[in-house]
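In what follows, chains are A, B, ... by sequence order, proteins preceding strands, each numbered from 1.
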2 protein chains.
Amino acid sequence: MREAIGIVGGMGPAAGLDLFDKIVKATDARSDQEHLPVIMVSHPGDIPDRTEYLLDGVGSNPADAIYDILRLLEQAGATVAGIPCNTAHAPRILDDVLKRLDDEGASIRLINMINKTIQHLRGQAGEPARIGVLSTRAVRTLRIYADALEAAGFDVVQANDEVQDKLVSPVIFSREYGLKAFAPASEQARANVLEAVEHLADGGATAVILGCTELPLAVPESNHHGVWLVDPTQVLARSLIEETYPHKLAAPTS
Amino acid sequence: MREAIGIVGGMGPAAGLDLFDKIVKATDARSDQEHLPVIMVSHPGDIPDRTEYLLDGVGSNPADAIYDILRLLEQAGATVAGIPCNTAHAPRILDDVLKRLDDEGASIRLINMINKTIQHLRGQAGEPARIGVLSTRAVRTLRIYADALEAAGFDVVQANDEVQDKLVSPVIFSREYGLKAFAPASEQARANVLEAVEHLADGGATAVILGCTELPLAVPESNHHGVWLVDPTQVLARSLIEETYPHKLAAPTS
């Protein structure tokens, strides 16, 4: 069989599916046979919550399960892989995964969603100077996007405590209306994300990274009242195709 | 890792994703960790078109690639699997897959989408006496659903030649507007399916099986002008959960 694109799914399951769907839609194909080989392993029950591990010391390092899944993907024929979870890109998780892959002589190549998203921003004509970031508490507190953006020459505005705790964290995790609990996204989830985007726009952001893979499930559009909404899952989907079958990459739709 | 549900994807890629999505939505879960392990291997380029093989003798038996994918799924930890392609359930394909699994001592169990769909119809209160079937040319000509439905005591109405050739086959395969070429489904695709449903209703059908996994992508609703629309992908999703983690099966929504 041909070399496949691998997806480390389950963080959450809907985000994994969203990446897979975006790969299919970004492929230049008009029949089944023209589509690309993709393998997704979704083991949500084996991967501890990333935010709780990073900030609250709850559970073991999710790197263990992520590493195991990457090896399964490699055995099944994947040569590159993506992890559709921004929080899992925190160095305390990702560096551990990369070190184990290296120590064990794994051949699968991991595409870094956060680096690719920042490259994408830099590559855009008329690039925005001040970038907003919406994310889990962990990505905000550890400044996973913020530090990388500043290193790339951007100004950054993150959610303040109130926006994070009242709008963004619940939209991801709430068991009453959050995106990890309900699909399709609830009205409340969508309203929270848009209100949070407006807060960052008030802080001067002309683009906002929807930096948790659940967020674009509620707000799929690429623009809100003139603010550019950047979807890292979409960037990762296109990057995975570029790394494997670049001639199959469809023209961007937005 | 826990025992996983396997999906033989790629027939087409969107239908595989649809099954995965329906498994996630039919799972009683409010956090990532409460979701079920699922693995999908999508190798669309390796699986010849099922209808062309069965009716036109074009290409090799898709059973070869389906068997290989099932073994990959088994190696990656799947104990049961589904094939979200009705046409692949034709005996000339499926029996060959099952024989090879048996000959090679495979342990993965395949759940038959067609049998489960007919069981589902029989299990419904007020079950409809006359069932319509929309499908690929192959499923119609080989009477894959029709014979099984009649054996189960139902009357059957299939598409006539004109409905098949002008509405149903193009809605699946057309490179201008078909479901294998365009996602989300085009307006034309949706209009074709609904018109075909109305033809079968005129023929006395009170329920219509959307017997190609592409069709529910265009018409996700379960009722059209009083005709019950039966989605085999949805039935397969629930069956796969029942066979592995029955306590995690959410209450039906329709």
Side-chain angles (χ1 to χ4, degrees), chain A residues 1-2 4-5 7 9-18 20-21 23-25 27 29-50 52 59 65 68-69 71-73 75-78 85 172-176 178 180-184 214 245 248, chain B residues 1-2 4-5 7 9-18 20-21 23-25 27 29-50 52 59 65 68-69 71-73 75-78 85 172-176 178 180-184 214 245 248:
Chain A
M1 294 192 184
R2 294 153 233 242
I5 294 168
I7 299 175
M11 296 180 279
L17 277 168
D18 188 42
F20 205 138
D21 185 50
I23 292 170
V24 171
K25 287 179 178 149
T27 303
R30 288 289 173 271
S31 70
D32 290 355
Q33 289 73 27
E34 293 173 14
H35 275 279
L36 301 179
V38 181
I39 304 173
M40 177 153 75
V41 173
S42 186
H43 272 292
D46 291 332
I47 312 180
D49 186 79
R50 284 67 65 198
E52 289 182 356
D68 289 342
I69 291 168
R71 295 312 297 264
L72 275 183
L73 288 168
Q75 283 158 28
C85 172
I172 303 167
F173 293 104
S174 164
R175 296 172 76 92
E176 280 73 49
K180 288 191 182 293
F182 294 96
E214 308 292 335
Y245 299 90
K248 297 293 287 179
Chain B
M1 292 192 185
R2 294 152 233 245
I5 293 169
I7 298 177
M11 295 180 279
L17 276 169
D18 188 41
F20 205 138
D21 186 49
I23 292 170
V24 171
K25 287 180 177 146
T27 303
R30 288 289 173 271
S31 71
D32 291 356
Q33 288 73 30
E34 292 172 15
H35 275 279
L36 302 179
V38 181
I39 304 172
M40 178 153 76
V41 173
S42 184
H43 272 292
D46 291 331
I47 312 179
D49 186 80
R50 283 66 66 196
E52 289 183 356
D68 289 342
I69 291 167
R71 295 312 298 263
L72 275 183
L73 288 168
Q75 284 158 28
C85 173
I172 302 167
F173 293 104
S174 164
R175 296 172 77 94
E176 279 74 49
K180 289 191 182 292
F182 294 96
E214 308 292 335
Y245 299 91
K248 297 293 288 178

With a 4.5 angstrom heavy-atom cut-off, which part of B:A65 approaches chain A: side chain, backbone, both or neither? backbone
Relative to chain B, which segment of A:L17 carries a heavy atom at a distance below 4.5 Å: side chain, backbone, both, or neither? both
Any idea which of A:L72, A:I39, A:D46 has the most non-hydrogen atom pairs under 4.5 angstrom with chain B? A:D46
For the residue pair A:A15 and A:E214, what are the closest heavy atoms and their distance? CB-OE2, 4.1 Å
Any idea which of B:E34, B:R2, B:M11 has the most non-hydrogen atom pairs under 4.5 angstrom with chain A? B:R2
Region of A:E176 in contact with chain B, defined by heavy-atom distances below 4.5 Å: neither
Side chain from CB out, backbone as N, CA, C, O: work out which of these in A:A4 comes under 4.5 Å of a heavy atom of chain B, or both, or neither. side chain
Is A:A78 close to chain B through its backbone or its side chain, or both, or neither, when contacts mean heavy atoms under 4.5 Å? neither
Heavy-atom distance under 4.5 Å to chain B: side chain of A:I7, backbone, both or neither? neither
In terms of heavy-atom pairs under 4.5 Å with chain B, which of A:I5, A:D68, A:L73 leads? A:D68
Chain A: which of B:P44, B:P184, B:A76, B:A181 shares the most heavy-atom pairs with it under 4.5 Å? B:P44
If one checks every heavy atom of A:V41 against chain B at 4.5 Å, the contacting part turns out to be both
Can you tell me how far CG of A:D18 sits from NZ of A:K25, rounded to the nearest 0.5 angstrom? 8.0 Å
Quick one: does B:Q75's side chain get under 4.5 Å of A:Q75's, heavy atoms only? no
Locate the shortest heavy-atom distance separating A:Q33 from B:P48; write the atom from each residue and the value. NE2-C, 3.6 Å
Residue part contacting chain A, namely of B:L36, when any heavy atom lies under 4.5 Å: backbone
Report yes if some heavy atom in the side chain of B:H43 is under 4.5 Å from a heavy atom in the side chain of A:P37; otherwise report no. yes
Which atoms form the tightest heavy-atom contact between A:R50 and B:D32, and what is the distance? NH2-OD2, 2.9 Å
Can any side-chain N or O of A:R175 pair as donor or acceptor with the backbone N or O of A:F173 at less than 3.5 Å? no
Kindly indicate whether the side chain of A:I47, heavy atoms from C-beta on, has any atom under 4.5 Å from the side chain of A:I69. yes
With a 4.5 angstrom heavy-atom cut-off, which part of A:R71 approaches chain B: side chain, backbone, both or neither? neither
What residue, out of B:S42, B:A29, B:G12, has the most heavy-atom pairs lying under 4.5 Å from chain A? B:S42
Would a distance-only check, ignoring hydrogens and angles, find a side-chain to backbone donor-acceptor pair under 3.5 Å from A:E52 to A:G59? no
